[in-house]
Amino acid sequence: MSAERDAEPLGAAAIVAFVRAHRDGTVSTLGPDGAPQAAYLPFAATDAGDLVFDARVDSRKIANLVRDPRVAIVVGGADGASLQAEGTAVVTSGADRAAAAAAYALSFPEFADSLARDDIAVVRIRLDWARLGDYRTDPPRIAETRGMRAEPRTG
């Protein structure tokens with residue numbers, strides 16, 4: 001059997017706890033020619049399980065997300081546990097920006113002042129798929145879900 005078929009269901013609470021404990025990772029966006037472009041940065045999680053990061057409005061990741069909102073994310077990994085995820089990113093505005101910025105500032109109070117600046121975008125990612133792999137145990141623990149608003153996927 002493959003690891004995917006043996007995966008436990010993965011809920012939003014486990015994703016939130018993992019991201020809040022690990023706090024950084026890599027986001028991959030699609031460049032103008034369709035090639036992947038990756039950036040290492042801090043991530044926060046909302047209580048609902050969306051991921052949040054900030055970036056300069058003139059960065060290539062923001063330009064990429066405006067053109068194509070699909071992303072792939074990896075959080076953690078150095079300690080033998082990682083969250084791999086795919087989702088849809090939104091450069092937030094209005095009330096959505098305020099809520100996403102509040103979640104980000106809660107995790108990263110040192111960046112709270114920059115979130116009010118016009119040259120900083122706040123991005124919220126709704127996950128479509130996620131897999132949490134903990135290879136520090138024997139056997140490894142694998143949990144997976146498709147769509148955070150849907151029921152967890154069971155092997």
Side-chain angles (χ1 to χ4, degrees), residues 3-4 7-30 36-57 59-66 68-117 119-137 140-154:
E4 180 176 320
E8 302 169 16
L10 176 61
I15 291 171
V16 169
F18 187 85
V19 171
R20 289 179 178 169
H22 286 78
R23 301 172 37 102
D24 58 4
T26 302
V27 63
S28 293
T29 60
L30 296 171
Q37 295 180 347
Y40 180 77
L41 44 78
F43 282 101
T46 68
D47 291 340
D50 292 342
L51 304 188
V52 178
F53 68 87
D54 71 339
R56 294 185 55 85
V57 295
S59 68
R60 68 182 193 163
K61 69 183 130 308
I62 296 300
N64 291 348
L65 293 174
V66 168
D68 188 332
R70 296 175 296 167
V71 297
I73 303 110
V74 177
V75 175
D79 67 351
S82 65
L83 175 72
Q84 300 171 51
E86 297 168 357
T88 304
V90 173
V91 179
T92 60
S93 62
D96 189 24
R97 186 184 199 286
Y104 193 78
L106 187 63
S107 291
F108 301 101
E110 65 272 30
F111 300 134
D113 290 344
S114 69
L115 297 172
R117 294 183 2 209
D119 64 333
I120 299 296
V122 179
V123 177
R124 179 182 45 78
I125 302 168
R126 170 130 328 135
L127 301 181
D128 300 319
W129 171 85
R131 176 180 290 156
L132 182 59
D134 187 346
Y135 296 92
R136 300 170 295 187
T137 63
R141 180 174 170 248
I142 309 294
E144 183 176 329
T145 191
R146 287 210 178 274
M148 295 309 302
R149 303 304 182 262
E151 290 298 311
R153 184 174 172 193
T154 59

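One-based numbering along the sequence shown.
T92 places a side-chain N or O within 3.5 Å of a backbone atom of V122 that can act as its donor or acceptor partner. Without hydrogens or angle criteria, R20 side chain to A45 main chain gives a donor-acceptor distance under 3.5 Å.
Contact record, F18 with V75: CE2-O, 3.4 Å, taken as the closest heavy-atom pair. Listed here is the closest heavy atom pair of A130 and L10: O-CD2, 3.7 Å. Here the closest non-hydrogen pair linking I73 and L51 is CG2-CD1, 4.1 Å. Residues A12 and A48 share a closest heavy-atom pair of CB-O, 3.7 Å. The two residues L65 and A89 have their closest heavy-atom pair at CD2-CB, 3.7 Å. Between T26 and A38, the closest heavy-atom pair is CG2-CB, 3.7 Å.
Tested against V123, the residues L41, I62, V27, V52 include a single side-chain contact (heavy atoms from CB on, under 4.5 Å) partner, I62. Partner of W129 under the side chain to side chain donor-acceptor pair (under 3.5 Å) criterion, out of E144, Q84, E86: E144 alone.
Atom CD of E8 is separated from atom CZ of R131 by 12.5 Å, given to the nearest 0.5 angstrom. Expressed to the nearest 0.5 Å, how far OG of S82 lies from CG of D134 amounts to 9.0 Å. For the atom pair CG (L83) and NE2 (H22), the distance works out to 9.5 Å, reported to the nearest 0.5 Å. Of the inter-residue distances, the one linking R56 atom CZ with K61 atom NZ reads 10.5 Å to the nearest 0.5 angstrom. With rounding to the nearest 0.5 Å, the separation of CG in L127 from CG in D50 is 6.5 Å. Taking OG1 of T46 as the reference point, atom CZ of R124 lies at 8.0 Å (rounded to 0.5 Å).
Counting heavy atoms from C-beta on, the side chains of D128 and T88 come closer than 4.5 Å. In this structure, the side chains of Y40 and V74 stay at 4.5 Å or more apart for every pair of heavy atoms.
Summarising the local packing, CZ of R70 is surrounded by 12 or fewer heavy atoms from other residues, nucleotides or ligands at distances under 6.0 Å.
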Could you tabulate the donor-acceptor pairs under 3.5 Å formed by side-chain atoms of residues 100-115, not counting sequence neighbours?
from, atom 1, to, atom 2, distance (Å)
Y104, OH, D54, OD1, 3.0
S114, OG, F111, O, 2.8

